[in-house]
Amino acid sequence: MIFLFLYLFNPIQDFLNNENSQPNIVFIMADDLGFGHLGSYGQKKIRTPNLDILAEEGLRFTQFYSGSTVCGPARSTLMTGYHTGHTSVRGNTGGIPLLDEDITIAEILKPKGYISGMFGKWGLGDFDTPGTPDKQGFDEYFGYLHQVHAHFYYHEYLWDNGKKFFLDGNEDGNRAQYTHDLITGRALDFIKRNSNKPFFLYVGYTIPHTELLVPEDSLNEYLGQWEEPNPYVGHHYASQPYPRSAFAGMVSRMDKDVGKIMSLLKDLGIDDNTVVFFTSDNGGQGFDGPDLEFFDGNGGLRGGKQDLYEGGVRVPLIARWPQMIKGGSVSDHVWAFWDVLPTIADIANASWPSEIDGFSMYPVLFGKYAKEHEYLYWEYGGEGNLKQAVRMGNWKYIKHRDGKSELYDLENDFSESNDLLEKHPRIVFLMEDIMKKGRTPRRKYDRKDMTFDYK
């Protein structure tokens, strides 16, 4: 009788039993934000009060992984539910698109009546390819398509539903309209226009990806607090005499805009029926000015962006859903980007392709048991120039392009400093077998991979 009572009056079960309940889903992803760049993950120098509140009111994951150590493949694993051994976009050129047969989060939500909007950085197919958001299930989009286009914050134009949206005052190197602000504005407008129907909002912020530029009000929040011993002299990106202050200002500006999104949900009275996720596309960048070491941006993890060490692939993840997810909770459950698609599908009571690599982690949001992966797999680089990594249980195996390998026990060696390769040949054998079986050749778009000059 007690069990029956708890079952019938469990708020989660009440929600699942209500066929008309369709929660809104907001997925916000930063670009190159490290595991330790948020206050809730130990950051001491950069202020992130809104994201810290998000963690206080929600669930913070400590062993969540990106799909890749760089942005393009990471986004592909997120959208398709396949890891990098199977997903379409495995390179980071910006010219490799998703394919017609790829099924994205937006596509699985459409039969359930969701309106889907993408605002920010896409990176999964430029204009006139099958990979653009509108051809992958999104009803509207605004921002950057090609990832190199997204390298710049004061560009001449952004893409607005298949058309170029020109930004007045940004021509010839002028800096009038900060693209991050425009992206936030469009995301807020999308919420306002769709507050009376179920929506999926995907915000792909470019902050804090280099280049290190931010409007003066955000720069001034930190200017003068620290020495700036290494002014950044730009080549591809703009120069920045105050890289530390600029980087911190960028992260705090993004934090404020996450706060605007959360405030709007409350003002519209849809906060309780909206699940919000926040994460980063890969680990923090340790080159071109962000000063990863100064900020301890990867929270003691080894390596960073472009590495397959933990600092390159382990990322923050916060999930908040009032009355559903217990506030202030922490989970060490191990999961990754390719699990996001089936998890979101479960939230919306939608179906998903059975052959994908991801599992639904929906129960984990409520502190329940979910199926665990036998292994997690990553690769980076092309055929013949491949870096690979596997996590199996607490074991992490990394194979470099030159064939050299390393083995770590993450339970006892968080920072991957003690290579145990020679001591555990059986584990190495199992890992090598996974690397051989865990991937297939990339399915290729029938046009040549395209490259564009967005400088």
Side-chain angles (χ1 to χ4, degrees), residues 28-57 120-121 150-155 167 169-170 174-188 203-234 237-264 278-281 283-299 304 316 318:
I28 306 171
M29 186 161 70
D31 195 335
D32 292 0
L33 185 84
F35 185 77
H37 276 139
L38 302 180
S40 56
Y41 283 82
Q43 178 57 221
K44 303 300 183 185
K45 295 183 174 73
I46 303 172
R47 295 181 288 276
T48 57
N50 293 289
L51 285 163
D52 296 344
I53 291 172
L54 198 72
E56 290 171 6
E57 297 178 348
K121 178 177 177 178
H151 283 189
F152 308 103
Y153 291 98
Y154 291 98
H155 215 284
L167 309 181
N170 284 7
N174 294 320
R175 299 173 184 173
Q177 297 190 65
Y178 194 57
T179 55
H180 170 87
D181 295 349
L182 298 176
I183 289 163
T184 296
R186 285 296 186 97
L188 294 171
V203 184
Y205 278 136
T206 49
I207 282 178
H209 190 289
T210 310
E211 65 192 343
L212 300 177
L213 288 177
V214 70
E216 286 190 5
D217 58 333
S218 292
L219 179 69
N220 290 339
E221 286 186 38
Y222 293 95
L223 203 60
Q225 291 190 23
W226 314 297
E227 293 183 358
E228 301 278 1
N230 299 303
Y232 177 70
V233 179
Y237 303 108
S239 296
Q240 176 53 258
Y242 312 108
R244 289 175 175 173
S245 299
F247 182 87
M250 291 165 73
V251 174
S252 287
R253 192 177 193 89
M254 177 184 63
D255 177 82
K256 288 184 175 70
D257 288 335
V258 172
K260 292 177 183 178
I261 291 172
M262 300 308 298
S263 293
L264 180 59
F278 178 89
T279 190
S280 175
D281 66 343
Q285 178 176 315
F287 49 90
D288 285 342
D291 210 336
L292 190 64
E293 183 177 354
F294 176 76
F295 291 111
D296 192 19
N298 282 334
I318 300 168

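Here, residue 1 is the first one in the sequence, and each next residue gets the next number. Every value quoted in this text rests on a predicted model; they were computed, and no experiment measured them.
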Exercise. Can you name the side chain to side chain donor-acceptor pair (under 3.5 Å) partners of Gln285, sequence neighbours left out?
Worked result: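 Checked Gln285 against side chain to side chain donor-acceptor pair (under 3.5 Å); matches are Thr210.
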Problem set entry | Contacts of Glu221 that satisfy side chain to side chain donor-acceptor pair (under 3.5 Å) - sequence neighbours left out | Lys256
Quick one: does [X]'s side chain get under 4.5 Å of [Y]'s, heavy atoms only?
X	Y	answer
Ser218	Met250	no
Pro290	Asp32	no
Arg175	Leu213	yes
Glu211	Gln240	no
Ile261	Leu264	no
Tyr237	Leu212	no
Ile318	Ser40	yes

Would you give the length of the straight line joining atom [atom1] of [X] to atom [atom2] of [Y], rounded to the nearest 0.5 angstrom?
X	Y	atom1	atom2	answer
Ile207	Met254	CD1	CE	6.5 Å
Asn50	Ile53	CG	CD1	5.5 Å
Ile28	Tyr205	CD1	OH	6.0 Å
Leu51	Leu33	CG	CG	8.0 Å
Ile46	Leu38	CD1	CG	8.5 Å
Tyr232	Asp291	OH	CG	13.5 Å

Looking at [X] and [Y], would you say the former's side chain and the latter's main chain have a donor-acceptor pair under 3.5 Å?
X	Y	value
Thr279	Pro316	yes
Glu228	Ser245	yes
Ser252	Arg47	yes
Ser239	Gly234	yes
Asn220	Glu216	yes
Arg244	Glu227	yes
Ser263	Gly259	yes

Exercise. Do Asp257 and Thr184 get their side chains close enough for a donor-acceptor pair, meaning under 3.5 Å?
Worked result: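 Yes, Thr184 and Asp257 have a side-chain donor paired with an acceptor closer than 3.5 Å.
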Problem set entry | Distance-only side-chain donor-acceptor flag, His155 / Asn170, under 3.5 Å | no
Exercise. For atom OH of Tyr242, is the number of surrounding heavy atoms from other residues, nucleotides or ligands below 6.0 Å larger than 12?
Worked result: no
Exercise. Any chance CD of Gln225 has more than 12 other-residue heavy atoms, nucleotides or ligands included, within less than 6.0 Å?
Worked result: yes
For this session: Go through the structure and list residues passing salt bridge (Lys or Arg N to Asp or Glu O under 4.0 Å) with Arg253, not counting sequence neighbours.
Result: Asp181, Asp217
Exercise. Applying salt bridge (Lys or Arg N to Asp or Glu O under 4.0 Å), which residue pairs with at least one partner in residues 36-46 are found, sequence neighbours left out?
Worked result: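 Output for this query is empty, none listed.
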Exercise. Can you name the nearest heavy-atom pair linking Asn230 to Pro243, along with the distance?
Worked result: O-CG, 3.4 Å
Problem set entry | Exercise: identify the closest heavy-atom pair between Ala30 and Pro208 | CB-CD, 4.4 Å
Exercise. What residues form a ring pair (Phe, Tyr, Trp, His ring centres under 6.0 Å) with Tyr178, not counting sequence neighbours?
Worked result: Tyr153, Tyr154
For this session: Determine, for Asp31 against Lys121, whether the closest basic-nitrogen to carboxylate-oxygen distance falls under 4.0 angstrom.
Result: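 Judged by the 4.0 Å cut-off on N to carboxylate O distance, Asp31 and Lys121 do form a salt bridge.
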For this session: List in chain and number order the residues that pass side-chain contact (heavy atoms from CB on, under 4.5 Å) with Leu292, two or more places apart in sequence or in another chain; answer none if no residue qualifies.
Result: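 Checked Leu292 against side-chain contact (heavy atoms from CB on, under 4.5 Å); matches are His37, Asn298.
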Problem set entry | Pair Phe295-Trp226, ring-ring contact (aromatic ring centres under 6.0 Å, His included): steps then yes or no | CA-CA 11 Å; Phe295 291 111; Trp226 314 297; 5.5 Å; yes
